[in-house]
Every structure is written in C-alpha cells, then in structure tokens.
Amino acid sequence: MTIITHLTKPRFSLAKTLLSSAVVFTLSACSSNSSESDIAVKANPKMATQAAKIEYVRNVEGIDEYTLTNGMKVLLYPDPAQPKTLVNITYRVGSIHENYGETGMAHLLEHMLFKGSTSYKEIDKEFNKRGMRVNATTWLDRTNYFELFESNEENLAWALGMEADRMVNATFSKTELESEMTVVRNEMERGENSPFRMLSARMGSTAYLWHNYANSTIGARSDVENFPFAKLRKFYDKHYRPDNAVLTIAGRFDKNKTLALIEQTFGMLAKPATEIEKLYTVEPVQDGERIVNLRRTGEVPIVAAQYHVPSALHEDTPAIQVLVQLLSDNARGRMQKMLVEPGVASGTGAYSYLRKDPSALTIIAQGFKGKDINEMEAALLTLAEDIKTKKISATEVEQAKVSILKETEDGLRNVTSVGMELSEFIAMGDYRYIFFFRDLVEKVTVEDVQRVAEKYLIESNRTLGRFIPTKDPVRAEITPAKDINEILATYKGREAIEAGEVYDNNVENITARLQEFNWTVGTTLSVYPKKLRGGEVRIEMTLPTGNIDSLKGYEQDFKLMGGLLYSGNAKYSKEDIASKLDELKASVNISTNSIGTINVSIKAVKAHLDDTLDFVHEMLATPLFEESEINIDRNATVTSLESNRNEPSAIAAATLRESINGHPKGHPLAFKTLDQQIDALNKVTRARLQKVHKAHMSVKNGHIGVVGDVDAKAFSEKFEKLFSDLKGTAKYVEMKGNLKDISGIDSWIETPDKANSMLFIGHRVELNKQHPDYHAATVANSIFGGSGFASRLMQRIRVKEGYSYGTGSGLQLDFNEPNGLYYMRAIAAPENMKKVVAAYKEEVAKAATEGFTQTEVDNAIEGELKSLRVSWSNDGTIANLLADNKQLKRDLTWYTEYVEKMNALTLDQVNAAFNKYIATKELNIFTAGDFAKAAKK
C-alpha cells in the first residue's frame, strides 16, 4: 500500500456550464488602485495600442511553439481525434513569490480571479452555460487556470477572451475578498484534519530556513486574514502579465483561426515596461539533522524523513527520481520488502517533487495503532542511509526506469493531460523539459543511482523527529544546475506519438461500427473498433457473481480478493506481475470492492494485446493467496479503517449509510460498523479466500465492452477461448438494493480536536433512470446543487455567505432499482455548521415557493448535455458504457431519447420534480465535528 502520491493542490472546481451567445469582447481598462466599489475605467497601461504579432518558434514532438511580441509564449498541441479542447494558462507565480506577511496570497488571488473581470462579469454562470469543466491550481512556482470543453469555435473564442481580460482587468473587490476569507479558512481547516499533511508542512518549514519552499501554499492564517487589500491588487499587477504567462491549447481546434484569435485577445495586452523581478534566495547547506514532533489527535503513527536534493534541472535529478521509484514501488520496492512485508509498517511511500529550485526527497512510513514507532523509525532510517552497504542492483534500476517510462509514455498519449502537465515544466523554465527529462531517465545507470543515494541520503541532510549532535558532520552540497537554455540548446525531441482517428463518439457512429457477441458460457461482448492514440485498446469487464448465501459472512474476503490477485499466482510472483505489466505497457485494475461484482479495467497497447489478455487471465485464474500477502493487505485495510475513527467526513457518511440501509442483519449488503469490518478482516484466511475465489471467479454472467483498433470477430474468439474456463461454482442471483424511508433524523456527532466538520443531508426517493420524472429531477438537482459554482447552494453557502469551501447536492439513482438517494453535502468550520443547515433550509423553501426560472432550466439542460458529450469523448467511458448497457439490457438509443427528453422539459416539470423529490419538510441531518469546542469560542 502506497500512502503518498504527488500532491499538487487543486483549489476548487467550478462545474459544468453552457454556451453564451456572441463572442464579442472588449478588453477594458481597470485601475489597480480601485476602491472596492468602483473600478475606474481609464487608459490602461496594460493595454497595447497595436496588437502584438505571433511568431512561430519550433515544433517539438507535436507541440507547436509560438511567441507573441508582447512576451507571451503559446503552445498548440492539436489532436483532431479528441472532440474536446483544453485551454490552460500558466503564470510563473506561486507561493515562492510571496513576501513577508503575504503567505497564501498567490492562492487567494487564484480564488479572486473567479469573481470576474471588466468584460466578463459572472464567469461561473458562463462556465455552466457552456458545459466547461474548469479549475485552477496554485503551487510553489506557478499558478494555472484551465477550461476543458466540447470542441467549439465560439467556446474557444470566449475562453481566450475571458482569460485575456482577467489577466489585466480582474475586478475583485475588498468586499469579495472578505467574503472569500471564510472559504479559504475552511480550506485550511480541511488540510489541518490530515496528520500527514500537517507533518509534511512542518517538515518543510523546518527543512528550509530561508527559501520560500518552507511555506505551505495555503499560507499562514494570520497573513491570509490580515494582509491589506491594496497588497493583493499590487501582487496581481506585478505577476499577471503576458511575459510571465504561457498559454497552452490542446485537443481539437482550427490552428489558423486559433492563432488569429490569440492575436485578437492576448495580442492586445501590452508588454510591461519593467522586467520580471528575479528571485535570488538560495537555501544554505543543511548543517545537521533537524527534528519535528507533531502532537495531534489521531489513531495511526507516521514517521518521515526529508532530505535536500537538487533542482529538477540538475544532472543528478533523473537518478534521484529512479531512486524514489525503486524505494516506493508497491510490489518490488525496498520499502515494501523491508518495512511492509515484515510487518514493521502498515504502509510506506516516497516522493520528490520536480521543482525549479533545489527540492527535497521524502520517505514516509505509517505504523500501527497502539504500537511503538521506535522499530519502524530505525528501520526507515537504515533503509535510506545504509544504501552504501546494501547496494542498489541493476535489476532494481531497470525495473524502476521501465515503470517511470511506461507511466510517462501512457501520459503522453493523452493530449489534454499533457497540456495540463506542461504547467509543471513551464514552472521549471521550459515545456520541452518534459521530453528531455524522459530522455535523461532512459540514460540513468545503477552507478548514478548508487552515487546520489550515498550523496544525499545522509544524517546531516535529514529532517526528522530528533536532534543528535555529530562531531564531524558530512554535508550534502547542492551544486547549481546549468541554465535551461544551455541544456536544451540543441534538443529537438522525438517524433510525435501516433494519432488516433478522427471519429467522434456518438450514438450514430458507435452504432455504425458496434459488433456484439454472445459467448456460449453466457458472457456478452460489445466491440467498438476505433483507432486510438498510440495504439491504445480499452477493455472494461463487469462480472456479476454469487448470491446472498454464497457471500454471506465472506464480504471482507471478497473485498480483499481483488487486491490479492496482484500478489502472486501459480506462474508469477508479486514482483513478476508488476514487471510484466510494465513490460506489456499495460494498466490493469481489478476491483472487488462492490460485493457480488468483479470489475476488471484494462488499458493495453495493440502490439501487446494478446499477451496482455493472456496475462490478465493468469492473474484472475490462479492466485496463490499466500498468508504473508493476506497479512499485508489486511494490515493496510485495518489501518485505513482505524484512521477513519474520528474523521468527520467518514463518520458523517457512515451514519447516513447506516440510517438508510434497509438490508437485514447478516445480509451481504447490510451496513457494517467499523469494528464489524475489522472483526471480519481478522477472520480472512487462505482457505477462505480459495473458497470464495473458486465459487465467484466467473465470466458466466459477465458483460465486456471494448474500444480499440481490433478485428472484432477474431478478438472475441480469442477472448472467449481464453476466459471461458472461469466458471465459478456459485449460482448467480442478483442482490437487490434496499433503502429505508427515513425521516427527521438529527445526528450531530462530536469529533474532538478536528478543525473542520462535515454535513450530509439525505433521504430516499422513489425514482430511477427509467422513471418519467428522471430527467426533470436531474435538471432540478443541477440547478439547486449539482452544477458547482453556478448552483444555488454554492452561490448562497459559499459565494454569498462564505460558510463552506465546498457544498452541493446529488442524486444516486439506479437504472432498474425503484428507489434512489438524494443527498446534500457541505464542509464547514464547526461554528458555522448550524448556519449552513439554516441556509440550506432557506434555499429549499425559496425554490419550493418561488420555483426556478426559465433561464436556469435552459442553462442546466444545455450544461448537462454538453457535459455528457465531454464524458463520451473518453474511450474508457465508452467501453464501460457498452458493458453496462448489456448488463442493464439498455440500447444505445436510450441516450438519444435522453437528449430528446431533456430538450422537451418544461419549467413546470422541473419545479414539480424539485418539490416532489428534493424539497422535504423533515430533514435527515448527519454531521460530525468538534461542536463542543466551537461552542466555547
């Protein structure tokens, strides 16, 4: 179990949106000295008298690079096969650029830019109207804003105009800043609930004495609450400028028209007269180990060690990334072998962010509830700092490189993902480094990795939880990296990845190619032949299995089974399985988390498709279920459950699930308490797992969807011949859902010393996806709480009141089951939670009494339909949909009818659905937080 992943900081999500009419915009003037109520319109030095020209620079692996004469860089990454477009603008400004007393300013400014600009007033509603998926993130060296939407020239023109306008004409006011403060504090408190996040922040602030990497991006509470409004405007004026920004457009678009639009929008921004201020602080060499002791409420201990390492541009960094991989690999890594498998730790991880300035390498181990950490701490430090005697092998290095390069190659196949990832490399100095760094990793040798491990993983370079004086300390000198222009002076990159065909996923196109097969064992296979980027093939398998009697008492065995299929079988060890997947360039996800269903998701490449299928069959058919591996997975699962004992979000959600679950005690789908789950996990044995596997590993009732460039008939014959031997002995009888009709529950559970609290409100609805009211209820929920920032709940509870960082509502509906669930959720400071509930009641009453407007209904319908089309652009989604359709006995024409019924909805129908399914007089409230402490304030 890896407990650490790359932690970038997405701040908030603005949901789906609709299409605005004419894309006519004027980049107006806006004074940086404006009062909060009046943004003076006058000659703006940020605007040019003549449009800047765009000039071609180079093409690197399919990316066309341009520069505007005002200094802004433009990257175009076309992929006509993608029926969607990504607009991503990266500013080279992050928390590293904040001065004393200004921590958190870059992040808070990111929030404020969603308040609109001179010519784009209510952009949250525009996002919703246009069906755009939008977000923004702030990190140490950069901030980025992006819009992902269905390919459409008008949407693209609007997005470019909006981003250009808010670069220089953002209109956020002092009043809006004060309103947003509660939201940002709520976000801070959410992070404070996580022991790992807090430990990571404390280690960072201790490891860096002078450099701003010491500061968390979220900032110090006192700074965020107190810095003057004028300082925020000044920070905006200083860093938001064309020569400090890189615009990336990826996906489907007309290149010539797009270049003209860029000139018309961003070209109207003047190049500032002053140069960009360069940073010059260098962190001195660490002169002795440092100590952090974090004492907070929690259940599971954590020990971590952090070591200074060079910049991403340094020649040692590729070897450091390989070192991180060979330490942290889930199956083959040293941390797994030396800490997790012997039972010293329940989970481990290692990471080192690629940063422009010297970075850090962190290793972390998670212990067991109630167990002393001394042994784990000693083992962790020995693992890191004794590599000199426990030499790294060529096999370890090769396996790590293959894993990194496979993940890189997989990522480069997705143009829109690359468009986002480029932000990180832009922050380092040049987008081309994403390709150059890949090339450097390929050249890493075992000697390189051994050298960097011995150089940087040393006691005096460590930040831990103890201080030990050392007579003659050894220092890790961080030498400067070469200038990136020198590094990339002659670099040209490789050939661009093979493109997929231009063939959009819609009902007509899929139906024209769809081929369906019924295997003799009872499985259905739906194949949609289509050439995907990089020769990718997507396979989704849904395998319903078992019945109440066969699964009763074996729920935790069934859940553990999926993960243990990676832990070794008759032919392959756990290490072999990980290496084989890397070799095949395949990703396989086997999940048994849903009782009575085995889900298998396969992402393969055409060149290795047959071998991948053979290998997946081997994984499913002959697992060994070794007791040592069972213990590892059991310990990790128990530890995860224990960590939820006093987590407000987990407790509130569990209380809702327990209250609404109508299955009788003993039923496989009945609610299980945390202790009951742990009890059941402790009963899992090899013999029990073998019994569960023999009874339930079956394709007899399965449904499989495939998208990729395959010969459908030959593929089906191969697949059937290979997998038809999976015939579990248990008879399959579908287990129906059972939701109770609950009313008037008011549950407020105390979770001491938790800075944040969680709320759920929910009730049963007599509704499914075949019900005549389904479409109207979907639109009603979208308007009320399901459309992100544009929803009434977000506009009231977050935007207007500032009570909550995130709130919304949803409908969980089945296709066939008669009942579903309506829920509302919100996170807030404990002292604000009653205000959140009161605001929710008022918004329900208002919508029930006054109804929605025709404009809200029109926008919600358009947003839902555009969001659906964006979802359909994902070929993995289509593969899953094809499998689901067969299981549900649903034809693709259901989606055609869905669109027709959506477009035929009336305002009266939507209002009636809201009153019938969402508005209730007696709420069921489920919330958890430190309300007692809040009451004392």
Side-chain angles (χ1 to χ4, degrees), residues 11-28 30 39 84-89 109-136 144-173 176 179-180 240 247 249 251 253 258 261-262 264-266 268 779 782-796 798-800 808 852-871 902:
R11 295 301 166 201
F12 55 93
S13 197
L14 308 173
K16 322 164 202 166
T17 26
L18 224 193
L19 193 49
S20 163
S21 51
V23 186
V24 179
F25 49 83
T26 304
L27 298 180
S28 307
C30 126
I39 303 294
K84 55 192 173 186
T85 306
L86 170 76
V87 172
N88 180 58
I89 187 160
L109 183 58
E110 171 214 305
H111 279 238
M112 301 313 295
L113 257 69
F114 285 90
K115 303 300 182 182
S117 59
T118 304
S119 298
Y120 294 78
K121 304 293 186 185
E122 297 181 315
I123 59 174
D124 50 346
K125 294 182 180 178
E126 286 294 322
F127 289 142
N128 191 58
K129 281 168 51 182
R130 296 171 181 278
M132 290 179 171
R133 296 182 180 180
V134 302
N135 209 332
N144 77 304
Y145 303 80
F146 71 88
E147 297 84 40
L148 179 64
F149 49 88
E150 180 186 20
S151 178
N152 174 290
E153 288 183 6
E154 187 183 17
N155 276 348
L156 177 58
W158 184 89
L160 293 177
M162 181 275 297
E163 289 291 7
D165 199 39
R166 71 173 172 179
M167 182 187 289
V168 296
N169 291 327
T171 55
F172 57 91
S173 67
E176 288 172 327
S179 172
E180 197 71 14
Y240 281 66
L247 172 67
I249 303 175
F253 54 89
T258 300
L261 278 171
I262 292 167
Q264 294 165 21
T265 52
F266 291 96
M268 294 306 300
V779 171
S782 177
I783 297 168
F784 188 65
S787 55
F789 259 78
S791 72
R792 289 195 174 191
L793 287 182
M794 277 290 266
Q795 286 293 312
R796 170 67 189 278
R798 171 171 171 158
V799 177
K800 181 181 177 182
F852 301 125
T853 67
Q854 187 63 54
T855 299
E856 286 180 306
V857 170
D858 292 343
N859 289 348
I861 292 171
E862 192 72 17
E864 289 291 326
L865 295 181
K866 290 200 170 184
S867 178
L868 176 67
R869 290 195 288 271
V870 170
S871 295
M902 277 287 196

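Throughout, residue positions are numbered sequentially from 1 according to the sequence presented.
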Exercise: identify the closest heavy-atom pair between N155 and M132: O-CE, 3.6 Å

Heavy-atom donor-acceptor pair, S867 side chain to G863 backbone, under 3.5 Å: no

Geometric cation-pi criterion, R166 with F172: 6.0 Å, 45°: no

Considering all heavy atoms, the nearest S791-M794 contact: OG-N, 3.2 Å

D165 side chain to S117 backbone, donor-acceptor under 3.5 Å: no

Minimum side-chain heavy-atom gap D124-E122 below 4.5 Å: yes

Value rounded to 0.5 Å, distance of CD in Q854 from CG in N859: 10.0 Å

Atom of R796, atom of K800 and distance for their closest heavy-atom approach: O-CB, 3.5 Å

S151/R869 under side-chain hydrogen bond (donor to acceptor under 3.5 Å, both in side chains): CA gap, chis, key distance, verdict: CA-CA 10 Å; S151 178; R869 290 195 288 271; over 6 Å; no

Closest approach of Q795 to F789 (non-hydrogen atoms, all atoms of both residues): NE2-O, 2.7 Å

Minimum-distance pair of heavy atoms, taken over all atoms of E163 and F266: CB-CZ, 3.7 Å

S179 side chain to V799 backbone, donor-acceptor under 3.5 Å: yes

L793 and F784, any side-chain heavy atoms less than 4.5 Å apart: yes

Interatomic distance, L247 atom CG to T265 atom OG1 [nearest 0.5 angstrom]: 8.0 Å

Interatomic distance, F253 atom CZ to L156 atom CG [nearest 0.5 angstrom]: 8.0 Å

Between CH2 on residue W158 and CG on residue N152, distance to nearest 0.5 Å: 12.5 Å

Side-chain donor/acceptor of S787 to backbone N/O of S782, under 3.5 Å: yes

NZ/NE/NH1/NH2 to OD/OE distance under 4.0 Å, E176 and K115: no

Value rounded to 0.5 Å, distance of CD in E856 from CZ in R792: 4.0 Å

Non-hydrogen atoms of V870 and F149 that approach each other most closely: CG2-C, 4.1 Å

pair L109-Y240: side-chain heavy atoms closer than 4.5 Å: yes

From CD (E147) to OG1 (T85), nearest 0.5 Å: 11.0 Å

Derivation and outcome, side-chain contact (heavy atoms from CB on, under 4.5 Å), residues I123 and F114: CA-CA 7 Å; I123 59 174; F114 285 90; 4.3 Å; yes

